[in-house]
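Have a look at the structure below, then the notes.
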Amino acid sequence: MRSMQNNLTEVAHKPTTADRQAHYGHSGAVLWLTGLSASGKSSLAMALEQALMVRGYSCYVLDGDNLRRGLNANLGFSPQDRSENIRRVGEVAALFADAGLICITAFISPYRADRERARQCCRLPFHEIHIAADLATCERRDPKGLYKQARAGSITEFTGISAPYEAPLQADCVIETGTEPLPQSLAKLLNHVLIHLPLERGN
């Protein structure tokens, strides 16, 4: 039987990558924030989105909790489901970048292979950014009480406790949120973006 996959034909967009870059004034890109739960990924992602928009950038945040309420609501937290979660996010982030936006993602994304697959999805700049805070710091913060539940056995497959986290070996940027306050972390992250994805027109 002929697979339906064989009947698919990719449809080309009329605006080119150069057209979109000229329209927005910057290249589309993916900024992939990875780190342990409570390392500060979501806080930094949302603050960065606001800081970039004020400067005239077009961007959007894909956040782990938000996508698990919709697009990925049917997935659990087994290793297989985690990989599928990141596969879907990688594909969506690549589409945002292809549309000319800077897509900021905030996901634990614990496995190196899954993050590399997300990088391979994107034909535009992809920056893996390690939001680095050690387990003890994250567990001490524990804003959602998840570490406490994991230690009690109420949550299984919890990254850092009962499931592994594979830190980036060669991240494009490392933000040490375990040892510096949010404003300092944001300034470093913003500076990274301004250097590597400069705005080519005025606000």
Side-chain angles (χ1 to χ4, degrees), residues 29-52 59-68 72 75 77-79 81-90 92-93 96 102-119 121-122 125-151 155-193 196-197:
V30 173
L31 305 177
W32 191 282
L33 277 57
T34 175
L36 292 170
S37 178
S39 61
K41 298 181 302 300
S42 293
S43 297
L44 266 178
M46 296 303 181
L48 178 63
E49 178 186 42
Q50 185 175 33
L52 288 174
C59 50
Y60 191 78
V61 172
L62 298 178
D63 179 76
D65 284 359
N66 291 351
L67 263 68
R68 278 193 174 270
N72 295 337
L75 298 176
F77 291 89
S78 68
D81 280 358
R82 283 172 174 260
S83 289
E84 174 60 14
N85 180 51
I86 298 306
R87 186 194 71 80
R88 294 182 191 180
V89 174
V92 172
F96 270 79
I102 294 176
C103 183
I104 307 164
T105 76
F107 291 80
I108 295 172
S109 47
Y111 305 121
R112 294 188 189 108
D114 292 338
R115 299 195 299 267
E116 180 57 28
R117 182 168 58 179
R119 182 189 292 272
C121 283
C122 186
F126 182 105
H127 296 252
E128 184 181 34
I129 299 169
H130 186 197
I131 308 305
D134 62 29
L135 178 61
T137 298
C138 294
E139 195 166 357
R140 185 168 59 251
R141 291 171 177 168
D142 202 13
K144 304 173 186 176
L146 299 179
Y147 284 99
K148 184 177 181 180
Q149 294 180 60
R151 290 293 187 189
I155 299 178
T156 59
E157 299 290 347
F158 190 78
T159 304
I161 305 297
S162 52
Y165 176 72
E166 299 173 357
L169 297 177
Q170 292 183 312
D172 297 290
C173 180
V174 178
I175 305 296
E176 300 283 354
T177 57
T179 57
E180 61 190 24
L182 179 63
Q184 187 176 346
S185 293
L186 175 59
K188 288 183 178 179
L189 184 52
L190 179 60
N191 186 60
H192 176 86
V193 177
H196 292 281
L197 298 167

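Since this is a predicted model, take the numbers as computed values, not measurements.
E157 has no carboxylate O lying under 4.0 Å from a charged side-chain N of R82, or vice versa, which leaves the two without a salt bridge. Salt bridge D65/K144: present, at least one basic N to carboxylate O contact under 4.0 Å.
Taking every heavy atom of both residues into account, A167 and R115 meet most closely at C-NH2, 3.6 Å. Taking every heavy atom of both residues into account, V30 and A93 meet most closely at CG2-O, 3.6 Å. Between Y165 and P110, the closest heavy-atom pair is CD1-CA, 3.6 Å. Closest approach of V61 and A45 over heavy atoms only: CG2-O, 3.5 Å. Closest of all the heavy-atom pairs between A118 and G90 is CB-CA, 4.0 Å. Minimum heavy-atom separation, G40 to I131: C-CG2, 4.1 Å.
At a threshold of 4.5 Å between non-hydrogen side-chain atoms, the residues I104 and L52 count as touching. At least one side-chain heavy atom of L48 sits under 4.5 Å from a side-chain heavy atom of L31. Using a 4.5 Å cut-off on side-chain heavy atoms (C-beta onward), Y147 and F158 make contact. Residues F77 and T159 have side chains not in contact (no heavy-atom distance under 4.5 Å, counting atoms from C-beta outward). You'll find the side chain of L135 reaches within 4.5 Å of the side chain of I161, heavy atoms only. A 4.5 Å side-chain heavy-atom check between R88 and L67 finds every atom pair outside the cut-off. Proximity of E139 to L36: side-chain heavy atoms (C-beta onward) are nowhere separated by under 4.5 Å.
Side-chain atoms of H127 and H192 form a donor-acceptor pair, as typed in the model, at a separation below 3.5 Å. Between the side chains of S109 and D114, no donor-acceptor pair of N or O atoms lies under 3.5 Å.
D134 places no side-chain N or O within 3.5 Å of a backbone atom of G178 that could act as its donor or acceptor partner. For the pair T177 (side chain) and S39 (backbone), a donor-acceptor distance under 3.5 Å is present. In terms of modelled atom types and a separation under 3.5 Å, the side chain of N85 and the main chain of V89 share no donor-acceptor contact. Of the possible donor and acceptor atoms, one in the side chain of K41 sits under 3.5 Å from a partner among the backbone N and O of G35. Under the 3.5 Å distance criterion, the side-chain polar atoms of E166 are matched with a main-chain donor or acceptor of R112.
Atom CG of L197 is separated from atom CD1 of I102 by 5.0 Å, given to the nearest 0.5 angstrom. Note that CG of D81 is 12.0 Å distant from CZ of R87, once rounded to the nearest 0.5 Å. Note that CD of Q184 is 10.5 Å distant from CG of L182, once rounded to the nearest 0.5 Å. Rounded to the nearest 0.5 angstrom, L62 CG and E49 CD are separated by 9.5 Å. Here the straight-line distance linking atom CD of E128 with atom CG of L169 works out to 8.5 Å at 0.5 Å rounding. A distance of 6.0 Å separates CG in L33 from CG in L189, rounded to the nearest 0.5 Å.
Cation-pi check for R117 over Y111 is not met; the charged atom does not lie both under 6.0 angstrom from the ring centroid and within 45 degrees of its normal.
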>> Would D172 and R119 count as a salt bridge (charged side-chain N to carboxylate O under 4.0 Å, His left out) here? Give the steps.
In response: CA-CA 12 Å; D172 297 290; R119 182 189 292 272; 3.0 Å; yes
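The side chain to side chain donor-acceptor pair (under 3.5 Å) search around Q149 returns none, not counting sequence neighbours.
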